[in-house]
2 protein chains.
Amino acid sequence: MSSRLPAMVQTLRDRGIRLTAERRSILAGVLTCGGHFDVDRLLSHFRHQGVQVSRATVYRSLNTLVEVGLLRKIDLGDRPSLYEPIEGREHHEHMICVRCGEIIEFVEPEIERLQQEVCRRSGFEPLDHTLQIYGVCHACNCKDAAEECSDPARAGAGG
Amino acid sequence: MSSRLPAMVQTLRDRGIRLTAERRSILAGVLTCGGHFDVDRLLSHFRHQGVQVSRATVYRSLNTLVEVGLLRKIDLGDRPSLYEPIEGREHHEHMICVRCGEIIEFVEPEIERLQQEVCRRSGFEPLDHTLQIYGVCHACNCKDAAEECSDPARAGAGG
DNA sequence: GCTCCAGTTGAGACAGTATCTCAATTTAGA
DNA sequence: TCTAAATTGAGATACTGTCTCAACTGGAGC
Ligand SMILES: [Zn+2]
Ligand SMILES: [Zn+2]
Ligand SMILES: [Zn+2]
Ligand SMILES: [Zn+2]
């Protein structure tokens with residue numbers, strides 16, 4: 001896991017970005033949290049570890065990491081944004097369960113290609129895109145079905 | 001344009017939603033603004049027209065119109081959400097120019113189908129999705145090119 | 001038209017995410 | 001070590017959007 005830290009440190013060095021204690025903590029925290037995390041998750045991680053990093057610095061550093069291409073920001077609109085490490089990961093999009101918050105990644109090169117194609121047709125130069133599918137994950141669907149079976153009186157109330 | 005107003009009014013009636021003066025103003029404003037508008041645009045439209053509708057009511061009514069299916073909300077994350085009338089319009093997605101704010105719509109059924117396919121494979125029940133492509137529109141790209149030509153000294157500074 | 005009340009409104013408080021300010025501190029290079 | 005410039009932290013601030021609650025009103029019923 002943390003074997004990626006030196007590479008990330010080097011990336012910052014190469015960009016002339018100073019390696020403060022806070023940024024080291026944040027790099028480590030990012031790798032520890034992994035997956036998809038938000039600012040609060042990172043901050044509570046720091047609190048548990050007794051690491052001192054202010055909220056402002058966390059926001060600033062995450063923005064910096066996004067800028068240098070180490071992190072990807074997933075903008076969810078109303079909810080707090082999520083972040084995920086990019087290094088060595090294939091470009092993917094997300095399905096987000098509105099019940100349990102589960103995040104499922106998917107890769108669909110044909111969708112990516114079609115987006116390029118659409119842009120080409122319009123003379124539009126794409127820089128970034130967001131594709132999120134909101135819905136109910138398999139587990140939550142199964143749970144719903146089980147509850148309806150054990151409580152038939154409510155079986156019709158969900159629609 | 002405003003010929004759609006009676007139909008929208010009827011939709012509210014059918015749902016038992018009261019037709020207040022404010023809601024009439026908002027329906028009219030929605031049709032006047034048309035295209036893709038945000039809350040501020042609607043509010044300034046009302047100011048210009050001397051129409052009194054509070055911010056809270058605008059937010060509330062827009063949410064209501066989304067709920068009854070007359071309006072679609074486009075969640076842009078950091079920016080204020082956009083709204084667009086749905087009636088009679090084909091489902092589409094948006095390209096958004098980060099320079100001039102221009103919004104270009106596109107329809108790509110194959111992308112929609114692939115999303116369904118991806119969900120099916122994961123046992124994920126899709127309820128909603130967002131697909132926005134951010135980039136530079138054709139007009140802005142041309143403008144950039146023209147400026148580089150007339151100001152060759154800066155030709156290399158953009159990358 | 002009049003009455004009545006549940007639904008609606010408005011002003012401003014409030015919630016939540018994220019950025020900004022600026023004095024104090026720290027990094028990194030000479 | 002010394003210094004300039006970058007960075008940090010605490011709190012203010014910006015901004016979108018929702019909530020509170022007293023006052024108001026649409027529209028059904030008479
Ligand atoms: Zn779920
Ligand atoms: Zn992901
Ligand atoms: Zn443009
Ligand atoms: Zn549109």
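Naming convention: chains lettered A, B, ... in sequence-line order (proteins, then strands); numbering from 1 in each chain. Since this is a predicted model, take the numbers as computed values, not measurements.
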With the side chain of [X] defined as its heavy atoms from C-beta on, choose the nearest nucleotide among [options].
| X | options | value |
| --- | --- | --- |
| A/S54 | D/dG27, D/dA10, C/dA28 | D/dA10 |
| B/I17 | D/dC19, D/dG11, C/dT8 | C/dT8 |
| B/P80 | D/dG26, D/dT16, D/dT8 | D/dT16 |
| B/T57 | D/dG26, C/dT9, C/dA28 | C/dT9 |

Check the distance between [N]'s [atom2] and [X]'s [atom1] and give it to me in whole angstrom.
| X | N | atom1 | atom2 | result |
| --- | --- | --- | --- | --- |
| B/Q52 | C/dG10 | CD | C1' | 10 Å |
| B/R18 | D/dG26 | CZ | P | 9 Å |
| A/L43 | D/dA10 | CG | P | 12 Å |
| B/L12 | D/dG26 | CG | P | 15 Å |
| A/R79 | C/dT17 | CZ | P | 12 Å |
| A/F46 | D/dT8 | CZ | P | 12 Å |
| B/L76 | D/dC15 | CG | C1' | 15 Å |
| B/D75 | D/dT16 | CG | P | 13 Å |

Respond yes when some side-chain nitrogen or oxygen of [X] is under 4.0 Å from OP1 or OP2 of [N], and no when none is.
| X | N | result |
| --- | --- | --- |
| A/T20 | D/dT8 | yes |
| A/S81 | C/dA18 | yes |
| A/Y59 | C/dT19 | no |
| B/N63 | D/dG17 | no |

Side-chain contact, heavy-atom cut-off 4.5 Å: [X] with [Y]?
| X | Y | result |
| --- | --- | --- |
| B/E105 | B/R89 | yes |
| A/D38 | A/L42 | no |
| A/C137 | A/I104 | yes |

- Message: With nearest nucleotide decided by heavy atoms, which residue, B/A56 or A/A21, maps closer to the 5′ end of DNA chain C?
- Response: B/A56

- Task: Ignoring hydrogens and angles, answer whether the base of D/dG9 and the side-chain atoms of A/R60 contain a donor-acceptor pair closer than 3.5 Å.
- Result: yes

- Message: What I want to check is whether an N or O donor and acceptor connect the side chain of B/R55 with the base of C/dA11 at under 3.5 Å.
- Response: no

- Query: Toward the 5' end of DNA chain D, which comes first, B/Y83 or A/V58, by nearest nucleotide?
  - Reply: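 Looking at DNA chain D, the more 5' nearest nucleotide goes with A/V58.
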
- Task: Give one of base, sugar-phosphate or nothing for A/R23, where a contact means two heavy atoms less than 4.0 Å apart.
- Result: sugar-phosphate

- Task: Check the pair B/H129 / B/H91 against ring-ring contact (aromatic ring centres under 6.0 Å, His included), numbers first and verdict last.
- Result: CA-CA 11 Å; B/H129 67 261; B/H91 177 75; 5.2 Å; yes

- Task: Evaluate the criterion side-chain contact (heavy atoms from CB on, under 4.5 Å) for residue pair B/E93 and B/E112; output intermediate values, then yes/no.
- Result: CA-CA 10 Å; B/E93 312 297 348; B/E112 307 291 335; 2.8 Å; yes

- Message: Under 4.5 Å between side-chain heavy atoms, counting indirect links through other Ile/Leu/Val/Met/Phe/Trp/Tyr residues: same cluster for B/F106 and A/L127 or not?
- Response: no

